[in-house]
There are 2 protein chains.
Amino acid sequence: MNSSEARSRIVATADALYYSRGIQAVGMDELRTAAGVSLKKLYAEFPSKGSIVMAVLERRHQAWEDGLDARVRQAPTPRLRLLAIFDYLCQWFGEDTFRGCGFINTFAELGAISPEVAAYAREHKAAFQHYVARLAEEAGAPAHLAPQLSILAEGAQTTAAIAGSADAALQARSAAEVLIDAALSSRAPAAG
Amino acid sequence: MNSSEARSRIVATADALYYSRGIQAVGMDELRTAAGVSLKKLYAEFPSKGSIVMAVLERRHQAWEDGLDARVRQAPTPRLRLLAIFDYLCQWFGEDTFRGCGFINTFAELGAISPEVAAYAREHKAAFQHYVARLAEEAGAPAHLAPQLSILAEGAQTTAAIAGSADAALQARSAAEVLIDAALSSRAPAAG
DNA sequence: ACCATCGGAGAACGCTCGTTCTCTCTCGAT
DNA sequence: ATCGAGAGAGAACGAGCGTTCTCCGATGGT
């Protein structure tokens with residue numbers, strides 16, 4: 001087995017296990033078994049569990065950004081591109097493996113005792129806010145819109161995770177519509 | 001030392017420790033030392049760590065409800081009572097012990113492996129949504145407003161926790177103003 | 001055929017956890 | 001003074017963790 005093939009298999013398996021059950025609840029032995037690699041190989045690829053966790057976070061960040069951007073690119077107008085964020089959330093919440101935002105979960109579990117994890121979660125959320133800000137700017141919205149939409153998106157994720165229903169995405173989407181239209185009409189008030 | 005006095009001391013200490021560092025990161029020995037009780041006393045009051053966790057959640061739920069309601073009651077109008085939710089969040093986020101919503105954190109850490117914890121977090125969030133719904137109803141807002149404001153409040157909590165700044169509460173508050181006014185004017189459209 | 005090297009399987013190690021047990025001391029009733 | 005109940009301090013236990021080590025069979029070059 002190729003080294004990078006083993007790496008990605010380990011990270012993909014760890015991602016699924018950690019996400020569904022929590023990081024501290026999944027031991028190296030279970031990960032080894034599920035990934036189908038030997039412990040020796042595991043520790044040849046990663047020096048510690050902590051480094052696997054960081055690799056999982058990086059993978060999750062990439063998957064999130066790619067999936068979101070793909071969905072956003074399909075929308076024809078700047079306004080619909082902003083709303084596409086919530087369409088993407090709605091689709092995600094509907095997956096039966098959904099269990100909240102992996103970064104929030106990992107931050108909640110390890111952020112207080114692992115500065116690395118805390119910093120990466122912060123970076124991930126900052127990158128998302130920056131992405132939303134760029135979309136909002138392209139829509140001609142004032143600067144305060146992006147943080148508001150980001151907060152809506154965050155809230156939808158935790159609400160859906162705990163309540164276990166995908167409704168939160170729809171409610172967040174309608175709220176986003178109101179906020180977007182209010183922001184756009186305040187910048188171009190003559191439109192009404 | 002009185003039994004109920006010991007109980008509340010244990011729960012208060014456990015709350016502070018669990019909230020600041022995570023539950024799995026705090027052992028019974030550290031809790032015993034910090035609370036100043038013997039291990040024997042600890043296990044005389046609580047049969048297991050899991051029962052302490054549940055007692056901590058109940059305490060946190062009560063403190064949250066009491067603090068929120070006290071703040072809301074000070075507001076003179078139904079509209080300001082809805083906004084008082086976010087004033088309360090802003091004050092909370094400013095405390096230097098703030099580390100996100102304890103229920104979200106506990107759910108993220110243990111929800112997947114403890115049905116009790118998951119159920120209680122769900123109840124807590126449902127109670128909050130119900131509380132917001134009552135305030136929204138008193139303001140004469142349509143039913144869709146309450147879930148939207150709840151999502152905003154959730155998002156503000158996780159955003160503030162990870163970003164480490166209290167700004168999220170202010171941004172959520174202005175978003176809430178827009179949503180509230182839009183909801184109220186849609187019900188009484190002639191007002192504009 | 002032989003040897004050296006590699007990697008897989010999993011035993012072993014040191015540690016920490018939640019929980020229980022043991023020992024000792026205190027203190028009030030007789 | 002003596003006894004017994006109760007509580008404090010912490011040792012002990014079994015389990016599980018992350019990590020390392022040991023064995024052993026497979027493989028490829030000569």
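Throughout, protein chains are lettered first and strands after them, A, B, ... in sequence-line order, and every chain is numbered starting at 1.
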Identify, between A:Arg32 and B:Gly27, the residue whose nearest nucleotide on DNA chain C lies closer to the 5' end.
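Mapping each residue to its closest nucleotide by heavy atoms, the 5'-most match is A:Arg32.
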
How long is the line joining [atom1] of [X] and [atom2] of [N], in whole Å?
X       : N      : atom1 : atom2 : result
B:Asp29 : C:dC15 : CG    : P     : 17 Å
B:Lys41 : D:dA5  : NZ    : P     : 18 Å
A:Met28 : C:dC15 : CE    : P     : 19 Å
B:Leu31 : D:dG10 : CG    : C1'   : 16 Å
B:Glu45 : C:dT19 : CD    : P     : 15 Å
B:Leu42 : C:dG18 : CG    : C1'   : 11 Å
B:Glu30 : D:dA9  : CD    : P     : 17 Å
A:Ile10 : D:dG18 : CD1   : P     : 14 Å

Quick one: does B:Lys40 reach the base of D:dG8 with a side-chain donor-acceptor pair under 3.5 Å?
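Present.
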
With the side chain of [X] defined as its heavy atoms from C-beta on, choose the nearest nucleotide among [options].
X       : options               : value
B:Leu39 : D:dT20, D:dG8, C:dT20 : C:dT20
A:Lys49 : C:dT19, D:dG18, D:dG8 : D:dG18
A:Tyr43 : C:dG18, D:dT20, C:dG8 : D:dT20

Go through the steps for B:Phe103 and B:Trp64 under the test ring pair (Phe, Tyr, Trp, His ring centres under 6.0 Å), then give the verdict.
CA-CA 11 Å; B:Phe103 294 90; B:Trp64 159 266; 8.2 Å; no

Spacing of CZ belonging to A:Arg173 relative to CG belonging to A:Leu152, to within rounding of 0.5 Å:
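If we round to the nearest 0.5 Å, A:Arg173:CZ and A:Leu152:CG are 12.5 Å apart.
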
If you count the non-hydrogen atoms of other residues, nucleotides and ligands that lie under 6.0 Å from CD in B:Glu137, is the total more than 12?
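Counting neighbours around CD of B:Glu137, 12 or fewer heavy atoms of other residues, nucleotides or ligands fall under 6.0 Å, so no.
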
Is it true that atom CD of A:Glu116 has more than 12 heavy atoms of other residues, nucleotides or ligands lying nearer than 6.0 Å?
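Not buried by this count: 12 neighbours or fewer within 6.0 Å.
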
